Each structure stands twice: as C-alpha cells, then as structure tokens.
Amino acid sequence: MVAVTVQDLRKRFGATRALDGVDLRVETGELLAVLGPSGCGKTTLLRCLAGFERPDSGSITLADQIVTDHRRHVPAHRRRVSVVPQEGALFPHLSVGENVGFGLTPGRGRSDSAAAVRVEEVLELVGLNGSANRMPHELSGGQQQRVAVARALAPRPPLILLDEPFSALDAGLRSGLRRDIRDALHADGATAVLVTHDQGEALSMADQIAVMRDGSILQTGSPAEVYGRPGTPWVAQFVGEAMVFGIQAEGSLGRCVLGEVQLAEPTPDGAAMVAVIRPEQVMLGTEPESGGVPARVRRIDYRGHDAMVSLDVAGTTVLSLAVSGRDAAVQVGDLVRARVVGPIRTYPAQTSD
Ligand SMILES: Nc1ncnc2c1ncn2[C@@H]1O[C@H](COP(=O)(O)OP(=O)(O)OP(=O)(O)O)[C@@H](O)[C@H]1O
C-alpha cells in the first residue's frame with residue numbers, strides 16, 4: 001500500500017530551482033532515505049512534506065488524502081506528520097515521559113492510562129524503558145535523539161520525517177543508534193522519510209533510497225540496487241567509492257587502464273563508453289602470475305578490518321580495497337599487479353552525471 005505519493009513537485013527561490021520536478025512513492029511501513037549532496041533540495045522536500053513550505057506546483061498525497069496541490073495546502077498541524085530534527089528537539093522542563101506523551105492528548109477515545117501505556121511502549125522500542133521520569137539534561141545526545149524518535153512514534157502518525165537525525169552525534173555512537181532506530185520504526189510499522197547527505201546512513205538504514213541532485217530524483221531503489229546497479233556514473237561516485245575510466249568495448253569484453261575486463265552487459269561495438277569500477281573489484285597480487293596490470297602502491301589508508309590502497313597504474317590513480325588478513329599485504333612503494341574481478345558496468349561516455 002502506498003502511504004505517500006509526491007508528483008512533479010516544484011519550488012523556486014528566486015532563480016534557484018530547489019525542487020525541479022520531484023516524483024516519489026513511499027510504501028506503508030517503509031523507511032525511504034532521500035540522499036543527496038548539500039543544496040540539492042532535501043530540506044525543501046522535507047518541509048513541503050511536513051506542510052511548512054508550499055511548493056509552486058505538483059502534488060503530495062498522504063494516507064489517501066491530497067494535502068498539497070494547485071488548490072489545497074493542508075497546514076502542518078493538520079497533517080499529523082511527526083518530525084525528528086537534527087538535535088535539541090526536547091522540551092527541557094518536561095520529563096522524558098512528558099516529552100514523549102506530549103502529542104497524546106487525552107480525549108477522542110484516549111485515556112490517560114492508554115497514553116501512559118503507549119509512552120512506555122515507544123520508550124521500550126527505542127531502548128529506553130524505565131526512563132520516563134528522567135529529565136532531558138540527564139541524557140546523552142544519543143539518548144535524547146532516541147526520546148525524540150519515541151515522541152515522533154507515539155501518536156502513530158501517517159508519516160515520520162527524520163532530518164539528518166544523527167549528524168550532531170559522534171561517529172562511534174551513530175552505527176548502533178541507526179540500527180536501533182531502524183528496528184524501532186519497523187517494529188512499530190511506521191512509514192518514514194529520512195533526509196541525509198551521508199551515504200553510509202542511507203545504505204545502512206533505508207529500505208529504499210532516492211538519490212537526489214539539483215532538485216530532481218536521479219534514481220530510486222533498494223540500497224543493494226542503487227549501490228550495485230547505479231543509474232549513472234555520478235550516482236556510483238556519490239553512493240560509495242567508484243572510479244570512472246574510459247573503456248573500449250567489444251561485445252561483452254572491454255579494455256581499460258586495468259586491462260581486459262568482463263562487462264555486465266554487452267555493448268554496441270565502437271560506442272564511446274565509460275566503465276564504473278568499485279575498489280572492491282580491484283584485486284592485488286604480488287606474484288607475476290597474478291594476472292592484471294603492473295601497479296605501484298602510492299598510499300595506504302588503513303581502516304582496521306580493511307585498507308584503501310591507492311595505486312598508480314600507467315599514470316592513473318586506481319583504488320583497491322584490501323581486506324586485512326585475506327588480501328595481499330602490501331607496502332607503500334611496492335610494485336604489484338592489479339586485476340579486475342567480476343562484471344563491470346558501462347555507461348555512454350557522454351553521460352556526464
Ligand atoms: N528560504 C530560502 N530562500 C532562498 N533560497 C533557499 C531557501 N531555502 C532553500 N534555498 C535554496 O534552495 C536550494 C536547496 O536548499 P535545501 O536546503 O533544500 O538543500 P539541502 O539538500 O537540504 O542542503 P543541506 O544538506 O545543505 O541542508 C539551495 O540552493 C538553497 O540555497
């Protein structure tokens with residue numbers, strides 16, 4: 001079932017086209033991440049969904065109700081959309097329980113005790129059971145964001161908007177928090193849109209990713225689809241590490257700076273193409289019979305369980321991802337061999353983005 005439909009949404013600020021025809025669908029119970037670089041229009045899209053901003057044209061349908069089109073603009077407070085901002089969302093003078101229960105007004109068939117049960121339920125979902133009587137200043141930044149998510153979940157809104165909710169937190173804290181918040185949203189059956197410029201956040205949390213650039217959605221798909229079958233070289237480079245090389249293709253084989261490679265799809269002979277190669281597709285060997293092409297190790301960025309190895313291959317910089325304890329151990333200055341494994345995706349050379 002579709003929970004949110006956005007059609008041809010447009011919004012200009014003076015000469016800037018912040019939204020340039022955005023189309024989007026979010027299924028009920030799904031977490032969709034809108035991923036794009038700074039200034040691509042993510043916040044404007046989020047504000048239009050929340051009802052804080054009125055677009056110039058296009059429509060938004062929320063739970064089968066048109067909330068924005070050329071005639072209508074349902075105001076924010078009547079959309080029942082919950083927003084989890086970057087930080088500082090809690091009322092400092094209210095306890096955790098009072099913060100979470102804030103939107104749960106008694107009446108309309110809801111009793112105080114039902115509200116209290118719901119408060120405990122959502123606090124448990126975000127891993128903060130038994131914290132209802134604590135005050136916000138007694139909590140860490142990560143715990144405060146958990147409370148903000150619990151508060152967003154509590155009234156069972158048709159849509160929860162998360163605006164880079166972990167950007168103010170330490171990197172070390174973020175991965176566990178992302179996992180817990182994703183699990184809490186799923187366990188409650190919530191429909192959510194997360195806006196972020198952080199590809200790691202989008203890949204690890206989202207059911208679907210919509211990649212945005214210059215006010216438009218370039219590609220929508222599952223994290224595996226967007227990473228494994230990027231629609232354009234730009235998407236490949238924005239979502240993960242990717243190298244783009246010129247390639248001479250002949251049927252299902254291609255020749256590039258890394259030698260002969262297998263192509264994911266046959267290419268028309270003679271067509272000008274580029275290849276997109278990910279660092280994990282470049283294997284290093286230390287023996288002459290390893291195959292591939294000669295490469296000089298220029299730099300190693302060690303990251304613990306893996307290392308990003310920067311190579312010079314005939315004057316071109318090539319990256320290889322080496323997994324500790326599995327791949328060849330190399331040193332800066334070594335002459336090695338670099339070989340591409342697996343099928344390579346190609347794109348017409350004129351595809352600039
Ligand atoms: N109220 C406004 N007045 C004028 N220009 C605006 C306004 N809001 C946004 N813009 C412009 O619209 C474009 C999109 O901005 P938006 O904030 O939606 O992007 P973003 O992807 O959320 O960026 P960031 O990640 O940096 O927050 C930018 O060029 C921005 O300068």
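Positions are given from 1 along the sequence. Atoms considered below: every heavy atom in the structure, side chains included; atoms not considered: hydrogens, waters and symmetry mates. As the structure lists them, so they are numbered: ligands from 1, and atoms in each ligand from 1. Everything numeric here is computed off the predicted structure, so don't read it as measured data.
- Only the side chain of T16 comes within contact range of ligand 1, with a heavy atom under 4.0 Å; no backbone atom does.
- Under the side chain to side chain contact (heavy atoms under 4.5 Å, CB included) rule, P279 has a single partner from D306, L321, V309, which is L321.
- Protein heavy atoms come within 4.0 Å of atom 2 (C) of ligand 1.
- Ion pairing between D180 and R146 holds under the 4.0 Å rule for side-chain N and carboxylate O.
- Considering every non-hydrogen atom in both P348 and V274, the closest pair reads O-CG2, 4.4 Å.
- Between L31 and the choices I160, V26, L194, I209, the side chain to side chain contact (heavy atoms under 4.5 Å, CB included) rule is met once, by L194.
- Distances shorter than 4.0 angstrom occur between a heavy atom of P37 and an atom of ligand 1.
- Atoms of ligand 1 lying under 4.0 Å from at least one heavy atom of G39, given by number and element, are 13 (C), 14 (C), 19 (O), 20 (P), 21 (O), 23 (O), 24 (P), 26 (O), 28 (C).
- Checked for salt-bridge contact, E265 and R345 meet the test: a charged N lies under 4.0 Å from a carboxylate O.
- The ligand atoms of ligand 1 that sit less than 4.0 angstrom from a heavy atom of T43 are 17 (O), 18 (O), 20 (P), 22 (O), 27 (O).
- Taking the ring centre of F91 as origin, the terminal cationic atom of R151 falls inside the region bounded by 6.0 Å and 45° from the ring axis.
- For atom 31 (O) of ligand 1, the nearest protein heavy atom lies 4.0 Å or farther away.
- Here's the thing with A18: none of its N/O atoms is less than 3.5 angstrom from an N/O atom of ligand 1.
- Per-residue contacts place T44 under 4.0 angstrom from the following atoms of ligand 1 (heavy atoms of the residue considered): 15 (O), 16 (P), 18 (O).
- At under 3.5 Å, not a single nitrogen or oxygen of F13, backbone or side chain, sits near a nitrogen or oxygen of ligand 1.
- Distance from atom 26 (O) of ligand 1 to its nearest protein heavy atom, with residue and atom name: S38 OG, 2.5 Å.
- Residue K42 holds the heavy atom nearest to atom 25 (O) of ligand 1 of all those in M212, K42, E53, H197.
- Salt bridge present: R178 and D198 bring a charged side-chain N and a carboxylate O closer than 4.0 Å.
- Remark: N133 CG is loosely packed, at most 12 non-hydrogen atoms of other residues, nucleotides or ligands lying under 6.0 Å away.
- For G41, the closest heavy-atom approach to ligand 1 falls below 4.0 Å.
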